[in-house]
Amino acid sequence: MRQRFDSRYIFAAVAAVVVVLAVVIAATSLYYFSTIHGLVVQADSITPNDQAEGAAIVGVTARMVIIVVGATLLAVTAIGALLIYRNRRELRGERHVQSIYQAIGENIDTAIFIVDCEDQVVEAVFENVQDILGVPASKFFAVDRLSSNEAYAKVAAIVHSGAPDERRTWEFQCFNAAFGRDMWLRITSCPVTLGGDAKVIYSLTDMTDEHDIRQRLMDSVAAAEDANRAKSNFLASMSHDIRTPMNAILGFSELIDREAGHEEAVREYNRKIALSGRHLLGLINDVLDMSKIESGKTELTAEPFSLAETVAAVEAMMRPQTDAKGQTFTVEVTGISHDRLVGDEGRLRQILMNVLSNAMKYTGTGGKILLRIDGSLARHGTLQHVRILVRDNGIGMSDDYLATIFDSFSREESTLTNKIQGTGLGMAITKNLVDLMGGAITVRSKLDAGSVFIIDLEFPPAEAESEEREEPASAPATDADEALGGKHFLVAEDNDLNAEIIGAILTIHGATCEVAENGQVAVDKFSQSEPGAYDMIFMDVQMPVMNGHEAARAIRALDRPDAREIPIIAMTANAFAEDEREALAAGMSAHVAKPIDVAVLARTVASLAR
């Protein structure tokens, strides 16, 4: 590394040289002055015409003058060289400082500039001011408050407002014409004294990204608060919907106690309890379904299905409801090239039922509802485009509600809709399912003029499916007495009421059972029993000590032949498709959701009976 000498040493060396030269000149002058004086004295004693003496005097004088002049020139040269060196060193120093400014400016997000307090002139500025304001550092020295660049003009206005006597911070939004966008700037001033002069050091920072992050956080908080308010409003408005079926269940249960001797009345009360229970179950399923969708746990299956069969099944479920209200329900299917498609038939049926149920609920007695399935629109490649149109002439919706119809927990409040039961989740679930399928849903509606829902979906045709294929025969209804009668079941159930219910159902249909209060007890009972003691096992999933999945795996792992063959049916309130897959993966043979539907249970048992 090259050593740099301090300028003080250079000045000392030059001063020493000048002093030495001064001494030399003085000594030489004294010497020659003495010589000349001696020659002059001698000249006075000789004749004036003695030219040799005169020439000697002139020669000595000339030498003295040369020495003096040479020494003087040498001193002047040394001083001049010193001045040139000092100027060059100052210039290098300025360049070094500027390079430091540039290096700092290139590596920080803050531009710094120094302003003289007296004349308001910018004396130094980091180059990165151009990255923030779009103004080159060379032009920043002439601060113009009238610039068309609003950001630059506001900074100039702060600088020209006067030197602050304490540290201050400004933060503001402005439009930067150089970048063509709005931005947030923060400028901080700090008064200092440099070289005895009052200065202000300003730091300028682009806060746009920080403000954007802050705004997104505020929006997220606001959205969360809105969602919480919506859920609170939903729960408040849904209280009536929940209490209505609960009131019916409890009320009719009390009436059954009072009318126990009247068989017809008891049957009617029981039928109404079942209807109210199914309605309450629908409310619960909607809430759980929306929760699964929002958590991202909903998965679509891809299995072959018949579109015609799906539409027929939906029509069969909807027609009794529309007939009960005296509504005209029309179903049209046109332009379908491929009836056998691949997709999630269950979710498609759910979409159709949600939209049609909405139309039925919000259409009065004698109204009209149209379901049209159109496959004639353009498709992508070999995909079958399916357009679902549901039109009704019901009460319609306001423009304000149309903007939020697909939001969770959203219901339009009016004297008409308040009488209609529902969770406010049907349309949100439908929109999410359509999105998962890669489709689109739109709605048009006017108050008192009805609504039109249009859903566009695409499905790949099922491979190797002939349109003339033989239709499977309808499966006959399973007789519960025949399916269950005479069998002995092991029931793993930790809830006493549920255990009592399944025990009563089995007893009614001629079967017997043994109850295990948790999974571990169920494993122990089976392992200690004789082969063939149990015909099947009904296994709850959520149990203490050992859950149903663990118990099923433990049974399958037992070293006895019937452990791998005995049917194990998951009988659980975990009713989603993912829950069924988990049960089958744990070694169970089938899945039946709670509340228990005797017909479904009988059909499942019959299919697994050996």
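Just so we're clear, the structure is a prediction, and the values are computed from it rather than from any experiment.
- Taken to the nearest 0.5 Å, the CG atom of Asp197 stands 12.0 Å off from the CD1 atom of Ile114.
- Ion pairing between a basic and an acidic side chain is recognised when a charged N comes within 4.0 Å of a carboxylate O; Lys594 and Asp540 show such pairing.
- Here the CZ-CG distance, from Arg349 to Leu356, works out to 13.0 Å after rounding to the nearest 0.5 Å.
- The shortest non-hydrogen separation linking Phe459 to Val386 is CD1-CG2, 4.0 Å.
- A salt bridge does not link Asp392 to Arg444: none of the charged side-chain nitrogens sits closer than 4.0 Å to a carboxylate oxygen.
- Contact detail for Asp206 and Arg181: the closest heavy-atom pair is OD2-NH2, 3.7 Å.
- When all heavy atoms are compared, the tightest approach of Asn518 to Pro544 is CB-O, 3.2 Å.
- In this model, a donor atom of one side chain and an acceptor atom of the other lie less than 3.5 Å apart for Thr205 and Thr110.
- At a cut-off of 3.5 Å, with distance as the only test, no side-chain donor of His211 or Gln173 sits close to an acceptor on the other residue.
- Without hydrogens or angle criteria, Asn128 side chain to Asp131 main chain gives no donor-acceptor distance under 3.5 Å.
- Across all their heavy atoms, Met437 and Leu348 have their closest contact at CE-N, 3.7 Å.
- By the 4.5 Å heavy-atom criterion applied to side chains, Ile201 and Ser189 are not counted as neighbours.
- With a 6.0 Å radius and a threshold of 12 heavy atoms from other residues, nucleotides or ligands, Arg88 has its CZ atom at or below the threshold.
- Using a 4.5 Å heavy-atom threshold, the side chains of Ser451 and Met397 count as touching.
- Looking only at distances, a side-chain donor or acceptor of Ser445 sits under 3.5 Å from a matching main-chain atom of Gly450.
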>> Test side-chain contact (heavy atoms from CB on, under 4.5 Å) on Val452 and Val443; report intermediate values, then the result.
In response: CA-CA 6 Å; Val452 178; Val443 57; over 6 Å; no
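- Of the possible polar contacts, none joining the Asn547 side chain to the Met543 backbone as a donor-acceptor pair under 3.5 Å is found.
- Contact of the Val342 side chain with the Glu303 side chain is not registered, since no non-hydrogen atoms from C-beta on lie closer than 4.5 Å.
- By the neighbour-count criterion of 12 heavy atoms within 6.0 Å, atom CD of Gln542 is sparsely surrounded, having that number or fewer from other residues, nucleotides or ligands.
- Counting heavy atoms of neighbouring residues, nucleotides and ligands inside a 6.0 Å radius, atom CZ of Arg214 exceeds 12 of them.
- Val155 has its side chain within reach of Phe113: a pair of non-hydrogen atoms, C-beta onward, lies under 4.5 Å apart.
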>> Leu133 vs Leu185, test: side-chain contact (heavy atoms from CB on, under 4.5 Å). Steps then yes/no.
In response: CA-CA 9 Å; Leu133 292 181; Leu185 295 178; 3.7 Å; yes
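- Contact between Met183 and Asn176 at its shortest, heavy atoms only, is SD-ND2, 3.2 Å.
- One finds the CG atom of Leu352 at 13.5 Å from the CZ atom of Arg347 (value rounded to the nearest 0.5 Å).
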>> Test side-chain contact (heavy atoms from CB on, under 4.5 Å) on Val115 and Lys199; report intermediate values, then the result.
In response: CA-CA 6 Å; Val115 177; Lys199 312 287 184 182; over 6 Å; no
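- Contact annotation: the side chain of His549 approaches that of Glu582 to within less than 4.5 Å [non-hydrogen atoms, C-beta and beyond].
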> Where do Leu457 and Ile455 land on the side-chain contact (heavy atoms from CB on, under 4.5 Å) test, with the steps shown first?
Replying inline: CA-CA 7 Å; Leu457 299 170; Ile455 301 170; 4.0 Å; yes
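- Residues Ile187 and Phe172 are in side-chain contact: their nearest non-hydrogen atoms beyond the backbone lie under 4.5 Å apart.
- Between the OG1 atom in Thr442 and the CG atom in Asp456 there is a gap of 7.0 Å [rounded to 0.5 Å].
- Between the CG atom of Leu377 and the CD atom of Gln384 there is a distance of 10.0 Å, given to the nearest 0.5 Å.
- Using bins of under 30°, 30° to 60° and over 60° for the plane-to-plane angle, the ring pair Trp170/Tyr202 lands in the tilted bin.
- To the nearest 0.5 Å, atoms CD1 (Ile388) and CD1 (Ile441) are separated by 9.0 Å.
- For Glu150 (side chain) and Phe175 (main-chain N/O), a donor-acceptor pair under 3.5 Å exists by modelled atom type.
- Using a 4.5 Å heavy-atom threshold, the side chains of Thr208 and Glu210 count as separate.
- Checked for salt-bridge contact, Lys431 and Asp435 meet the test: a charged N lies under 4.0 Å from a carboxylate O.
- Annotation for Val200 and Cys117: closest pair CG2-SG, 3.5 Å, computed over non-hydrogen atoms.
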